[in-house]
Number of protein chains: 2
Amino acid sequence: MAVNPTQTRVRNAAIRLFAKKGFHGVGIRELAQAAKVSPASLYHYIGSKEELLADIMWESLERLLSAAMLATTDVADPQEKLGRLVTLHVIAHAVQAKETAVVDNELRSLAPKLRRRVIDKRDAYEQLWAETIEQGSEAGLFRPDHDGIARRALLEMCSGVARWYSPKGEIKLDRLASQFTDIALRSLSTGDAPPQPDMDRCRTIVKYTWGTRV
Amino acid sequence: MAVNPTQTRVRNAAIRLFAKKGFHGVGIRELAQAAKVSPASLYHYIGSKEELLADIMWESLERLLSAAMLATTDVADPQEKLGRLVTLHVIAHAVQAKETAVVDNELRSLAPKLRRRVIDKRDAYEQLWAETIEQGSEAGLFRPDHDGIARRALLEMCSGVARWYSPKGEIKLDRLASQFTDIALRSLSTGDAPPQPDMDRCRTIVKYTWGTRV
DNA sequence: CCTAGACGATCGAACGATCGGTCGGCTAGG
DNA sequence: CCTAGCCGACCGATCGTTCGATCGTCTAGG
């Protein structure tokens with residue numbers, strides 16, 4: 001992460017503007033103005049506009065992946081694992097909505113080489129979901145016709161949070177997370193009502209990863 | 001819809017390119033080349049680049065809305081209604097993936113005036129979902145803590161289909177639609193396994209609205 | 001039947017503006 | 001004196017859009 005204050009301003013301005021207008025909708029002059037530097041000075045902190053985008057996306061995915069791994073290692077129960085994945089994913093997309101929106105929307109703006117790096121990260125993350133759903137299916141706990149459809153459906157549902165949720169609205173974050181977890185587990189489970197995952201553990205990981213109290 | 005062949009080429013090229021690269025990622029010259037006209041000739045068929053985008057988005061929503069209204073009028077059972085909404089939404093996002101992706105991603109590229117028109121259309125469509133979920137909740141058939149969360153979660157899940165589904169893949173369209181309907185109804189319903197909605201009716205509407213056999 | 005003129009479609013060339021990015025030089029603190 | 005931070009000025013390229021002219025086709029009047 002950025003330590004230099006100017007670097008932080010640049011990074012934050014880029015996240016905000018890319019999320020609002022899209023990568024190609026933001027010029028470097030506009031970006032420089034938002035970061036309170038001149039267009040020329042901008043290039044002391046970034047390699048290029050595109051590398052800036054790739055860095056933002058990669059770091060966002062890196063945090064999400066590390067949080068998800070922290071939450072699922074040594075957890076045997078697939079329902080508990082999936083519940084934690086959903087909870088963390090939803091919270092991440094709520095408290096880091098702009099970053100995650102950029103990750104979800106701007107892959108196409110990257111040239112093949114940079115895109116590859118980001119996609120690999122994303123695939124590593126989604127692999128966690130795939131394994132968990134597969135384990136649940138094999139254990140007879142989940143009932144999807146097709147694991148891939150279920151994985152995609154749940155991931156898109158949870159990522160969509162970044163597109164509409166506002167922390168300033170009436171919906172509290174823990175209620176959001178618990179209802180999403182409920183929807184996700186209920187839609188996949190074969191048997192009775194699934195339990196809530198270990199929320200305290202998730203809270204700890206969120207605090208550690210994104211520095212946000214939940 | 002466009003009747004003039006050149007107009008059709010322009011429209012199709014715009015949909016394809018906007019979906020692939022984003023509105024600001026496509027230049028007029030690139031668009032003209034893809035439509036096999038000169039950049040100047042393009043302006044005999046469009047008012048401006050932005051109006052072209054707005055037209056595409058509005059027409060796509062218009063078709064989706066009319067299809068949804070056709071499918072739900074005079075249907076009393078909220079489960080049947082929601083099942084049909086999900087089925088149509090998923091199929092629309094599968095067979096018209098590019099248009100719907102543009103609708104979902106490019107609202108931000110529209111100036112306020114044009115954006116207003118498109119948002120009004122979208123809200124009219126989502127209102128159908130809201131009413132249906134509300135009816136189900138009041139009838140005791142659905143069990144969400146919060147209707148708004150459920151609506152958004154399901155809409156995002158279904159819209160996400162446009163981002164990953166490929167008709168050329170191994171997943172057949174009717175299987176996709178039925179599994180999504182199953183996930184949606186299962187996640188909301190209070191009681192037993194919900195029935196599948198009237199698939200034949202949905203098929204007929206799809207054929208009528210988008211001209212696609214399912 | 002011929003022709004004048006209106007018409008829709010098309011395009012080459014160019015407009016001013018903005019794009020992403022570079023360069024040389026200025027300033028301030030160690 | 002060195003270096004990191006910063007910036008005004010500028011680069012060639014591309015942006016969305018407009019203009020005037022040229023096509024072929026159709027129609028009305030003589």
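Every chain is numbered from 1, with letters handed out A, B, ... down the list of sequences.
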Distance below 4.0 Å between A:Asn4 side-chain N/O and D:dA4 OP1 or OP2: no

Does the distance from a Lys or Arg side-chain N to an Asp or Glu carboxylate O, for A:Asp120 and A:Arg117, drop under 4.0 Å? no

Under 3.5 Å: donor-acceptor pair, side chain of B:Gln79, backbone of B:Gly136: no

Value for NE2 (B:His93) from OG1 (B:Thr100), rounded to nearest 0.5 Å, stands at 4.0 Å

Would you mind reading off the distance between A:Ile46 atom CD1 and D:dG5 atom C1', rounded to a whole angstrom? 15 Å

In this structure, how many angstroms lie between the C1' atom of C:dG21 and the CG atom of A:Leu52, rounded? 14 Å

Which one, C:dT10, D:dC6, C:dG21, comes nearest to the side chain of A:Tyr45? D:dC6

With side chains defined as the heavy atoms from C-beta onward, is the minimum distance between B:Leu82 and B:Leu154 less than 4.5 Å? yes

Within this structure, what is the CG-to-P distance between B:Leu53 and D:dG16, rounded to whole angstrom? 12 Å

I need the CG-P distance between B:Leu42 and D:dT18, as an integer number of Å. 12 Å

Measure the acute angle between the ring planes of A:Trp129 and A:His89, then classify it against the limits of 30° and 60° as parallel, tilted or perpendicular. perpendicular

List in chain and number order the residues that pass salt bridge (Lys or Arg N to Asp or Glu O under 4.0 Å) with B:Arg108, two or more places apart in sequence or in another chain; answer none if no residue qualifies. A:Glu106

Pairs under 3.5 angstrom only: tabulate donor-acceptor contacts from the side chains of residues 15-31 of chain B to other protein residues two or more places apart or in another chain.
{"residue": "B:Lys21", "atom": "NZ", "partner": "B:Glu30", "partner atom": "OE2", "Å": "2.7"}

Atom CZ of A:Arg9 and atom P of D:dC6: how far apart are they, to the nearest Å? 7 Å

A:Gly47 or B:Val37, whichever maps to the more 5' nucleotide of DNA chain C: B:Val37

Please tell me which of the listed nucleotides, D:dT17, D:dC6, C:dT22, lies nearest to the side chain of A:Tyr43? C:dT22

Integer-rounded Å distance: C:dC11 C1' and B:Gln33 CD: 15 Å

Taking N or O atoms only and anything under 3.5 Å, show me the protein contacts with nucleotides 8-10 of chain D, one pair per line.
none

Distance in angstrom units between B:His44 NE2 and C:dC11 C1', rounded: 9 Å

From NZ of B:Lys49 across to C1' of D:dT14 the rounded distance in Å is 12 Å

